[in-house]
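Below is one structure, written out as structure tokens, with a few remarks after it.
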Amino acid sequence: MYTKENHSNLKFESVCKQAFNLNVYCDGIYYYSLDLEDKDQVSIDHSKNGKYTFELEHKEYPQFKKNIEGSIEYSNILPIVTLTPSSKLSNEDVIVKAIRNVPKLEIGYIDVDFNGIKTRYALNETIRLPAIHNQDVIYCVSAYAKDLYGHEVSDQIYVQIDKKAPSSQLFMNNERVVDRMNLKKHPSLEYKYDDANAYMRVEYYLNDTFMDMDFEKVFNRMVKDDVLKIVTYTNDVLMNLEKKEYEFVFSPDKEIEMVSKSEQVLEKDEVVEFERVWVVNEDNEVVLKKNTKHIQKVSKPKIHYTRKKNKVQIWSEDKIEYVLVNGKRVQIEKDVVGHDFVEISLKKKKTSIEVKTKHRKALKKEEIKRSAVRITSIQKIRMWLKQIFKL
């Protein structure tokens, strides 16, 4: 008998009239004895894991002994079943095995559920979950075991095998590119793909020649009837690849002008705005027709540094975009007069500080050495008055 109960009741056909003891052995080693005289049943304690056997022994004549046929095996040790896949997320076939420790196995199996269809395998089998071309599938794998003592254990895992490449689309001027299209002027290109974790690499070929440059530089080299081929390579995290090709023919309209505007901040207090106009000439080449610049006097923003002991205070009347201290951003606060303000403690011998304002892109870099120089009271008053009068 196999049991997970820690005791059993032994009943006899009648009351024992002989002077017998019942010797109890666990795994062949004497454990204890029970007096059977004038009893028709006894309770057997077998709370120790092992195989219990029994022997009748006469109290007065110990040489008279008899082994009783049969045994009781008791265990409170749970068996172990653990599913171990070669991967839980893959784009290739996945191997699944069951690590098990079930010494007295009665029932055991592995079930694989795919789209509601179950396939059963033996517990000791090695299972191969196949990858399916251009599909993203999920397998549910479960294992079950029951030993002769009645203990039950199970395990379940989900395995995703994604062999489906991400899907991408190219939009030109908000229009989806499907067939070969004509280019009349500099287009607005946008690449979209359905997997947020995917990434794309783009190549440009002008008349079948690879152009190792960005799209705008390629476009500026095009003349009438040139063929531009765009090739996109989109990979997901599992390296599933989608490759797409798009073709465009450059057929510019001579009446259409291409305008470019840019702005440059000069070292002096000036901002220059450039406006360039390109047209297509009689030789179907893109040429610069107009190049004008507008100079605007501006009051460039200033970035102020104030040093106090081994602390540096930075403030600006213009909005500060960022402050980097040894390459790391620090938090920007407001001082009592409403200026963007940062205070830094110099903990190293040399500290690199970079400050950039937002509106006119003023940039200032400085390397400050730590020192023990103190600011006098007169200097403090001068700095305070300077800030007040600038209000």
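Just so it is clear, the values below take in all heavy atoms, side chains as well, and ignore hydrogens, waters and symmetry mates. Counting from 1, the numbers follow the sequence of the chain as shown.
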Is the backbone N or O of S168 less than 3.5 Å from a side-chain atom of E242, with the two atoms forming a donor-acceptor pair by type?
-> yes
Which class fits the ring pair Y61 and F64: parallel under 30°, tilted 30 to 60°, perpendicular over 60°?
-> perpendicular
Tell me yes or no: between the side chains of E73 and T3, is some donor less than 3.5 Å from an acceptor?
-> no
Side-chain contact test, heavy atoms from C-beta onward, threshold under 4.5 Å: evaluate it for I344 versus I314 and give yes or no.
-> yes
Regarding S316 and D340, is there a side-chain donor-to-acceptor distance under 3.5 Å anywhere?
-> no
Looking only at atom types and distance, does a side-chain atom of N326 sit under 3.5 Å from a main-chain N or O of S352, one as donor and one as acceptor?
-> yes
Show your reasoning for whether side-chain contact (heavy atoms from CB on, under 4.5 Å) applies to E216 and H186.
-> CA-CA 8 Å; E216 185 172 355; H186 193 295; 3.7 Å; yes
Taken to the nearest 0.5 Å, the spacing of L238 CG from Q160 CD works out to 7.5 Å
When rounded to the nearest 0.5 Å, the distance separating CD of E69 from OG1 of T53 is 12.5 Å
For residues 195-205, pull every pair meeting salt bridge (Lys or Arg N to Asp or Glu O under 4.0 Å), keeping only residues two or more places apart or in separate chains.
-> R201-E203
If two hydrophobic side chains count as joined below 4.5 Å and joins carry through other members, does V231 share a cluster with V177?
-> no
Short question: side chain of Y30, backbone of C26 - any donor-acceptor pair under 3.5 Å?
-> no
State yes or no: do L36 and V15 share one hydrophobic cluster built from I, L, V, M, F, W and Y residues joined by side-chain heavy-atom distances below 4.5 Å, directly or via other members?
-> no
May I ask you to decide if K164's main-chain N or O and D136's side chain share a donor-acceptor pair within less than 3.5 Å?
-> no
Decide if atom CG of N174 counts as having more than 12 heavy atoms of other residues, nucleotides or ligands within a radius under 6.0 Å.
-> no
Are the side chains of V141 and L129 in touch, meaning some heavy atoms are under 4.5 Å apart?
-> yes
Can you tell me how far CE of M239 sits from CG of L241, rounded to the nearest 0.5 angstrom?
-> 7.5 Å
Ring pair (Phe, Tyr, Trp, His ring centres under 6.0 Å) between Y31 and Y25, intermediate numbers included = CA-CA 5 Å; Y31 195 12; Y25 296 81; 10.0 Å; no
Is any side-chain N of the basic residue among D93 and R128 closer than 4.0 Å to the acidic one's carboxylate O?
-> yes
Is the closest basic N to carboxylate O distance between D40 and K11 below 4.0 Å?
-> no
Any donor-acceptor pair under 3.5 Å linking the side chain of D225 with the backbone of V227?
-> no
Count the heavy atoms belonging to other residues, nucleotides or ligands that lie under 6.0 Å from CD of Q41, then report whether that count exceeds 12.
-> yes
At what distance, to the nearest 0.5 angstrom, does CG of D162 lie from CG of N91?
-> 7.5 Å
Answer yes if Y158 and V96 sit in the same cluster of Ile, Leu, Val, Met, Phe, Trp and Tyr residues linked by side chain heavy atoms under 4.5 Å apart, and no otherwise.
-> no
Y139 ring center near F114 ring center (under 6.0 Å) | yes
For the residue pair Y204 and F215, categorise the inter-ring angle as parallel (less than 30°), tilted (30 to 60°) or perpendicular (more than 60°).
-> tilted
Is any side-chain heavy atom of E152 closer than 4.5 Å to a side-chain heavy atom of L78?
-> no
Only one of L83, I110, T126 passes side-chain contact (heavy atoms from CB on, under 4.5 Å) with K97; say which it is.
-> T126
Straight-line distance of I107 CD1 to D147 CG, nearest 0.5 Å = 10.5 Å
Applying the ring-ring contact (aromatic ring centres under 6.0 Å, His included) test to H46, which of Y32, Y2, Y149, Y74 qualifies?
-> Y74
Closest non-hydrogen atom pair between K4 and G150, with its separation = NZ-O, 3.4 Å
Give the intermediate values and the outcome of side-chain contact (heavy atoms from CB on, under 4.5 Å) for residues I77 and N49.
-> CA-CA 8 Å; I77 302 173; N49 290 292; 4.0 Å; yes
Would I95 end up clustered with L123 when hydrophobic side chains under 4.5 Å apart are linked, directly or stepwise?
-> no
Can you tell me if NZ on K244 sees more than 12 non-hydrogen neighbours from other groups inside 6.0 Å?
-> yes
Could you please spell out the steps behind the side-chain contact (heavy atoms from CB on, under 4.5 Å) verdict for L228 and V218?
-> CA-CA 9 Å; L228 171 66; V218 175; 3.8 Å; yes
Check whether any side-chain N or O of H339 sits under 3.5 Å from a backbone N or O of K319 as a donor-acceptor pair, and report yes or no.
-> no
Side-chain donor/acceptor of D111 to backbone N/O of K118, under 3.5 Å | no
Please check if the side chain of Q135 supplies one atom and the backbone of I132 the other of a donor-acceptor pair under 3.5 Å.
-> no
With the side chain counted from C-beta on, respond yes when M1 and S8 share a heavy-atom pair under 4.5 Å apart, and no when they do not.
-> yes
d(D38 CG, Q18 CD) to nearest 0.5 Å is 10.5 Å
Pair S47-D45, side-chain donor/acceptor within less than 3.5 Å | yes
Following the transitive rule for hydrophobic clusters with a side-chain heavy-atom cut-off under 4.5 Å over Ile, Leu, Val, Met, Phe, Trp and Tyr, establish whether Y205 and Y246 coincide in one cluster.
-> no
Salt bridge flag under 4.0 Å for residues E247 and K229 = no
Between the side chain of D226 and the main-chain N/O of F250, is any donor-acceptor distance below 3.5 Å?
-> no
At their closest point, which heavy atom of I332 faces which heavy atom of E321, and how far apart are they?
-> CD1-O, 4.1 Å
Please walk me through it: do L183 and V249 pass side-chain contact (heavy atoms from CB on, under 4.5 Å)?
-> CA-CA 6 Å; L183 282 179; V249 179; over 6 Å; no
NZ/NE/NH1/NH2 to OD/OE distance under 4.0 Å, E37 and K59 = yes
Look at the side chain of N173 and the backbone N and O of E175, then say whether any donor-acceptor pair between them is shorter than 3.5 Å.
-> no
